[in-house]
*Asks:* 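If you scroll down you'll find the structure; I have some questions about it.
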Amino acid sequence: MNHWILKTEPTVFSVADLERAPRRTSMWDGVRNYQARNMLRDDFRRADRALLHYSGCDTPGIAALVRVTRGGYADPTAFRRASPHYDATSTRANPRWYAVDVQLERALARIITLAELKQHANGALKGLILLNRGNRLSVMPMSEAHFAFILALE
DNA sequence: GCCAACGTTGGC
DNA sequence: GCCAACGTTGGC
């Protein structure tokens, strides 16, 4: 089983959106970065677990625990002209972009802030991609040890 | 294939 | 609002 961090701006997509969704499950779509795309397409598996990370907000940090319920499949938003994520170069026969489905396992009792995670950047969380300087990836792999450590901070 | 310019991300 | 970092674009 793989472990992931999924980054989102809470004003765009939040834990509340997952709570409202049928079966608390949403498509994770709109990713338009090749490195992230490759992970969604090739490495995401049903039953993988992921931490939802809020960025671009007052208090960046980990907000929820989710489960992957469907591995990579062609991102349908790339096919829709009206979608902000529309990409004419992505076709059903040869999709360029991929999505996965995630289900909310639970919101965390509190936001585990990025500032708090950084305190462990040279210790237990050494190597965590989220903490890399200038990191902009919206989908990141993480080790099971890092995953467990972060949850234990809750 | 190189690389400068540009746009975007995202923490602070 | 600032700025560092990065990805993409496009001219050559």
Side-chain angles (χ1 to χ4, degrees), chain A residues 2-19 21 26-44 48-66 68 71-102 104-143 145-154:
Chain A
N2 297 316
H3 296 82
W4 307 98
I5 289 177
L6 296 173
K7 211 158 55 175
T8 179
E9 294 182 29
T11 55
V12 176
F13 187 87
S14 72
V15 177
D17 292 307
L18 270 173
E19 282 170 343
S26 285
M27 178 168 66
W28 201 266
D29 60 24
V31 174
R32 296 294 179 267
N33 167 281
Y34 287 105
Q35 210 180 334
R37 184 280 307 269
N38 292 347
M39 291 186 263
L40 293 175
R41 184 188 60 191
D42 304 332
D43 301 327
F44 270 65
D48 284 354
R49 301 174 94 197
L51 299 174
L52 216 73
H53 183 262
Y54 282 165
S55 67
C57 54
D58 287 349
T59 309
I62 306 289
L65 175 60
V66 301
V68 176
Y73 59 96
D75 181 346
T77 66
F79 305 140
R80 290 187 206 128
R81 282 186 176 281
S83 169
H85 303 301
Y86 175 68
D87 181 352
T89 66
S90 186
T91 63
R92 288 173 201 279
N94 190 16
R96 175 162 299 194
W97 306 113
Y98 282 73
V100 299
D101 287 353
V102 295
L104 179 66
E105 197 163 321
R106 62 184 180 83
L108 298 193
R110 66 183 184 90
I111 301 276
I112 300 171
T113 67
L114 184 61
E116 186 175 351
L117 298 179
K118 281 184 171 174
Q119 291 171 13
H120 304 280
N122 293 313
L125 295 180
K126 196 174 181 63
L128 183 66
I129 295 171
L130 180 70
L131 301 181
N132 285 357
R133 178 180 180 79
N135 169 59
R136 285 167 52 185
L137 266 182
S138 65
V139 174
M140 289 162 273
M142 72 190 308
S143 70
H146 286 168
F147 177 85
F149 180 83
I150 293 171
L151 278 183
L153 293 173
E154 183 182 8

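Residue numbering restarts at 1 for every chain, and letters A, B, ... go by the order of the sequence lines.
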*Asks:* Identify each atom pair where a protein N or O and an N or O of nucleotides 1-3 of chain C are less than 3.5 Å apart, giving names and distance.
*Replies:*
none

*Asks:* Please enumerate all residues that pass side-chain hydrogen bond (donor to acceptor under 3.5 Å, both in side chains) together with A:R49, with sequence neighbours excluded.
*Replies:*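 Per chain and number, A:R49 pairs via side-chain hydrogen bond (donor to acceptor under 3.5 Å, both in side chains) with A:E105.
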*Asks:* Check whether A:D75 reaches the backbone of A:G30 with its side chain - one donor and one acceptor, N or O, closer than 3.5 Å.
*Replies:* yes
*Asks:* Could you run down nucleotides 5-12 of chain B 5' to 3' and tag each one B, S or - for protein heavy-atom contact under 4.0 Å?
*Replies:* --BBSSSS
*Asks:* List the residues meeting ring-ring contact (aromatic ring centres under 6.0 Å, His included) with A:F79, not counting sequence neighbours, and say none if there are none.
*Replies:* none
*Asks:* With sequence neighbours excluded, what pairs up with A:T89 under the side-chain hydrogen bond (donor to acceptor under 3.5 Å, both in side chains) test?
*Replies:* A:D87, A:R96
*Asks:* Would you confirm whether the ring centroid of A:F147 sits within less than 6.0 angstrom of the ring centroid of A:W4?
*Replies:*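 Ring-ring flag for A:W4/A:F147: false, centres at least 6.0 Å apart.
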*Asks:* Can you pull out every salt bridge (Lys or Arg N to Asp or Glu O under 4.0 Å) where at least one residue sits in residues 145-154 of chain A? Sequence neighbours excluded, please.
*Replies:* A:R106-A:E154
*Asks:* Just to verify, which of A:L125, A:I129, A:I5 counts as forming a side-chain contact (heavy atoms from CB on, under 4.5 Å) with A:M142?
*Replies:* A:I5
